[in-house]
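Please see the structure below; I have some questions.
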Amino acid sequence: MKLDRMIGILSILLQKEKVTAPYLAEKFEVSRRTINRDIEALCMAGIPLVTQQGKNGGISIMEDYKIDKTLLSMSDMQAILAGLRSLDSVSGTNRYAQLMEKLSAGVSSLMPGDAHLLIDLSTWNKKALSPKIELLHGAILSARTVSFSYFAPSGETHRTIEPYNLLFQWSSWYVWGWCVKRRDFRLFKLNRMADLQVGAAFEKRSVPLPDLSRMQVLPDVYQVKAKIQPQYRWRLMDEFGAECFTQQSDGSLLFSFGFADKESIVRWIVSFGDGAQLLEPVELREDVLKFAEGICGKYQYTDVES
């Protein structure tokens, strides 16, 4: 769309001192004539653009320019500012609040106090998370390695990565980078990282985007069926959605979903107490029994070890 392309052109001009029409044409996969028309439209919208001819010429934007509200609609600005507020919720700085002031200059009704759309990407342990995000963000921008201790179900390891992307996925923050130990790209959960240290500079490599689809990250190795008591309907809705169960004639809920490993199945079933009964896979019913017996064994004695 023309408006999307014009906003994209403006974004590039705000970040680069000068660009050429051929560069923009290739970037947006349109003709130079189309780019020239877009530049004219931006000028008519009040954007102070300067075009210089010659060998070192190009298109630039006047210094100290602030985006005028005539380019973006009220709903466009609200969406941009909502996104910036969400970044400020985890950054631990006021960097994005300052950017919001620049974007909303002359549009006081768009400032945070009047907005009705609130997005908070922080977690309960925000004080520990924000410094990690800032450190990793800085390392990504400066192309420097990061070393850290990593705590996973398989145990604790020491890793060094070339960080490339910060991602917010599955209600948590992750970093995507080249792992020196594994010699491949890996995804690391920030909450499991400790003792982060910025290291040497590295030469950036071609980075594939991570495949974060559920079937790639948690493939359905085991198809689980379970009978769940109706008082836990809210939990099934929250964790898997309404499509994961059907209500039976006795009021119970027949749950059906795919899991990636045995341990997750056993721990999930046991977490319901007597409110869930595993039906399939049949061979895991004994694993659930042994797990429950192990818990009971810890509470059979009256004396508690200090």
Side-chain angles (χ1 to χ4, degrees), residues 1-88 91 95-96 98-107 109-110 115 117 119 121 137-143 162-169 175-178 185 202-213 216:
M1 294 177 60
K2 182 176 180 179
L3 179 58
D4 293 339
R5 189 173 60 249
M6 290 172 61
I7 294 174
I9 292 173
L10 179 57
S11 176
I12 291 175
L13 291 173
L14 287 170
Q15 297 177 59
K16 295 180 178 291
E17 184 176 347
K18 186 184 297 182
V19 297
T20 64
Y23 170 84
L24 294 174
E26 181 180 357
K27 187 78 173 178
F28 294 98
E29 299 181 346
V30 296
S31 66
R32 289 183 58 179
R33 180 175 296 181
T34 298
I35 291 297
N36 290 334
R37 286 198 295 264
D38 290 340
I39 296 300
E40 292 178 3
L42 286 170
C43 290
M44 293 178 63
I47 310 299
L49 300 182
V50 179
T51 302
Q52 295 177 321
Q53 304 295 328
K55 182 179 179 181
N56 298 318
I59 305 164
S60 61
I61 192 168
M62 186 179 297
E63 293 184 3
D64 301 324
Y65 170 70
K66 293 183 178 181
I67 295 178
D68 187 83
K69 64 180 180 179
T70 57
L71 176 67
L72 302 175
S73 68
M74 183 72 73
S75 60
D76 291 335
M77 287 294 291
Q78 286 283 11
I80 292 172
L81 296 180
L84 292 176
R85 281 196 302 272
S86 70
L87 293 176
D88 236 1
S91 68
R95 179 189 308 120
Y96 300 103
Q98 293 172 351
L99 180 54
M100 285 166 55
E101 292 178 2
K102 294 179 181 179
L103 288 174
S104 58
V107 196
S109 62
L110 292 175
L117 181 60
I119 305 173
L121 300 179
H137 187 216
I140 291 171
L141 293 177
S142 60
E162 300 172 2
Y164 288 99
N165 300 101
L166 283 166
L167 303 93
F168 184 77
Q169 185 81 12
V175 60
W176 174 249
W178 172 267
F185 286 94
F202 63 88
E203 185 176 347
K204 291 186 177 181
R205 63 185 77 223
S206 178
V207 185
L209 293 177
D211 184 353
L212 301 180
S213 61
Q216 177 66 28

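Quick note: residue numbers are just sequence positions, from 1.
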Closer than 3.5 angstrom, by distance alone: can the side chain of Trp178 be matched with the main-chain N or O of Lys204 as a donor-acceptor pair?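 Flag not set: sc Trp178 to bb Lys204 has no pair under 3.5 Å.
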
First locate atom CG of Asp38, then atom CD1 of Ile9, and finally report the distance between them rounded to the nearest 0.5 Å. 4.0 Å

Identify the heavy atoms of Leu49 and Cys43 that sit nearest to each other, and give their distance. CB-SG, 3.8 Å

Distance in Å, Leu166 CG paired with His137 NE2, rounded so as to fall on 0.5 Å steps: 7.0 Å

Sub-4.5 Å side-chain heavy-atom contact between Ile59 and Thr20: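 Ile59 does not reach Thr20 side chain to side chain.
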
For Val207 and Asn165: C-alpha separation, side-chain torsions, deciding distance, then whether side-chain contact (heavy atoms from CB on, under 4.5 Å) applies. CA-CA 9 Å; Val207 185; Asn165 300 101; 4.1 Å; yes

Surrounding CZ of Arg205 (heavy atoms of other residues, nucleotides or ligands, distance under 6.0 Å), is the total greater than 12? yes

Do the non-hydrogen side-chain atoms of Pro210 and Leu167 ever get within less than 4.5 Å of each other? yes

Check whether any side-chain heavy atom of Tyr164 lies under 4.5 Å from a side-chain heavy atom of Ile140, and answer yes or no.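 Sidechains of Ile140 and Tyr164: no contact.
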
Looking only at heavy atoms, what is the nearest atom pair of Val175 and Pro163, with distance? CG2-CB, 4.1 Å

Under the 3.5 angstrom rule, does the side chain of Thr34 hit a backbone N or O of Val30 as a donor-acceptor pair? no

Can you confirm whether more than 12 heavy atoms, excluding those of Glu26, are under 6.0 Å from its CD atom?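 It does not: Glu26 CD has 12 such atoms or fewer within range.
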
Check: Glu162 and Glu203 side chains under 4.5 Å, non-hydrogen atoms: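 With C-beta onward as the side chain, the pair stays apart.
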
Counting C-beta onward and ignoring hydrogens, is there a side-chain heavy-atom pair between Val50 and Ile61 closer than 4.5 Å? no

Check Ser206 against Phe185 and note the closest heavy-atom contact, atom names and distance.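 Closest heavy-atom pair between Ser206 and Phe185: O-CZ, 3.6 Å.
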
Answer yes or no: does atom CG of Leu209 have more than 12 heavy-atom neighbours from other residues, nucleotides or ligands under 6.0 Å?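 Counting neighbours around CG of Leu209, 12 or fewer heavy atoms of other residues, nucleotides or ligands fall under 6.0 Å, so no.
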
